[in-house]
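A short worksheet on the structure shown next.
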Amino acid sequence: MNGDAYAQKAFYKHYFGYVMAICVRYLPREEALEACQDVFLKVFKNIDKFQVDRDLKKWMSSITINECIDRIRKNKKNLNETYLEEEVESNITYMNVEITENLDTEYILKLIDKINIDHKTVFLLYVVDGYSHKEISEKLNININTSRWHLAEARKAIIPLIQQHYLNESETGKYY
């Protein structure tokens with residue numbers, strides 16, 4: 001595929017959605033598109049290093065997640081977005097909320113976008129991409145307990161957002 005423009009275009013078309021879906025989980029849409037492009041450049045540049053006995057999607061997923069993490073690190077200080085970060089007292093008890101079919105994946109990802117970027121990154125790596133805390137700590141260069149703390153904080157921040165969804169839904173009758 002090296003140098004074969006037709007094969008690269010076909011490969012790109014086939015896997016674009018897969019790579020972009022990973023990118024938009026971690027990054028704002030505009031930056032996700034740039035990251036997606038960079039992922040394909042890396043894939044094409046390093047395709048000769050791909051071991052055929054490995055799963056191609058898993059290999060591409062790893063490249064994509066690493067690209068997103070690198071961008072988060074690089075841009076962390078420059079992010080102008082405001083993230084919702086709530087301090088939750090430990091003695092507050094939350095009602096048990098069960099996510100139902102009317103909370104679709106896209107809406108949940110929008111909720112996740114509202115939390116602190118560090119919490120969001122660990123949450124996505126752990127819950128969505130299935131990395132262990134050990135793997136996350138190595139990828140992000142943080143302590144395992146810090147990874148666990150970020151996950152707990154992400155969950156604490158997401159619960160009120162889901163609760164608010166149900167309050168809005170019951171008040172307006174509008175389903176997202």
>> Which heavy atom of K139 sits nearest to which heavy atom of L125, and what is that distance?
In response: CD-CD2, 4.5 Å
> Does some side-chain heavy atom of V43 sit less than 4.5 Å from a side-chain heavy atom of F11?
Replying inline: yes
>> Using a 3.5 Å distance criterion without hydrogens, assess whether the side chain of E135 forms a donor-acceptor pair with backbone atoms of S132.
In response: yes
> Will you find, in the side chains of D129 and Y26, an N or O donor that is under 3.5 Å from an N or O acceptor?
Replying inline: yes
> Rounded to the nearest 0.5 Å, how far does CD1 of I144 lie from NE2 of H133?
Replying inline: 9.0 Å
> Can you tell me how far the SG atom of C36 sits from the CZ atom of R29, to the nearest 0.5 Å?
Replying inline: 10.0 Å
> Between R71 and E67, is the closest basic N to carboxylate O distance under 4.0 Å?
Replying inline: yes
> Is D70 paired with R73 through a side-chain N to carboxylate O contact shorter than 4.0 Å?
Replying inline: yes
> Can you get from F50 to Y15 by hopping between Ile, Leu, Val, Met, Phe, Trp and Tyr side chains that sit under 4.5 Å apart?
Replying inline: yes
>> Is there a path of hydrophobic side-chain contacts, each under 4.5 Å between heavy atoms, that joins L41 and L27?
In response: no
>> Students often mix this up, so state it plainly: with edges at 30° and 60°, are the rings of F44 and F40 parallel, tilted or perpendicular?
In response: tilted
> Side-chain contact, heavy-atom cut-off 4.5 Å: I158 with F123?
Replying inline: yes
> Can any side-chain N or O of T146 pair as donor or acceptor with the backbone N or O of I142 at less than 3.5 Å?
Replying inline: no
> Does OH in Y126 sit with more than 12 non-hydrogen atoms of other residues, nucleotides or ligands closer than 6.0 Å?
Replying inline: no
Identify each donor-acceptor pair in which a side-chain atom of residues 55-63 lies under 3.5 Å from a protein atom, sequence neighbours left out, and give them as a table.
residue : atom : partner : partner atom : Å
D55     : OD1  : K57     : N            : 3.1

>> For H119 and H150, take the angle between the two ring planes, folded into 0 to 90°, and tell me which bin it lands in: parallel under 30, tilted 30 to 60, perpendicular over 60.
In response: tilted
> When rounded to the nearest 0.5 angstrom, what is the spacing between NZ in K156 and CG in L151?
Replying inline: 11.5 Å
> salt bridge (charged side-chain N to carboxylate O under 4.0 Å, His left out) with K9: which residues, sequence neighbours excluded?
Replying inline: none
> Can you find a pair of side-chain heavy atoms, one from I112 and one from L161, that are under 4.5 Å apart?
Replying inline: no
>> What verdict does the side chain to side chain contact (heavy atoms under 4.5 Å, CB included) test give for I65 and L124, after you've listed the backbone C-alpha separation in whole Å, the side-chain angles of each residue and the deciding distance to 0.1 Å?
In response: CA-CA 10 Å; I65 290 169; L124 290 171; over 6 Å; no
>> Can you see whether Y12 engages Q37 through a side-chain donor-acceptor pair at a distance of less than 3.5 angstrom?
In response: yes
>> Main chain of N145, side chain of N143: is a donor-acceptor contact present, judged purely on distance under 3.5 Å?
In response: yes
>> As an exercise, state the distance from OG1 of T121 to CG of L140, rounded to the nearest 0.5 Å.
In response: 6.5 Å
>> Please give me the minimum heavy-atom distance between M20 and A32, naming the atom from each residue.
In response: SD-O, 3.9 Å
> Between CZ of R25 and SG of C68, what distance do you get to the nearest 0.5 Å?
Replying inline: 8.5 Å
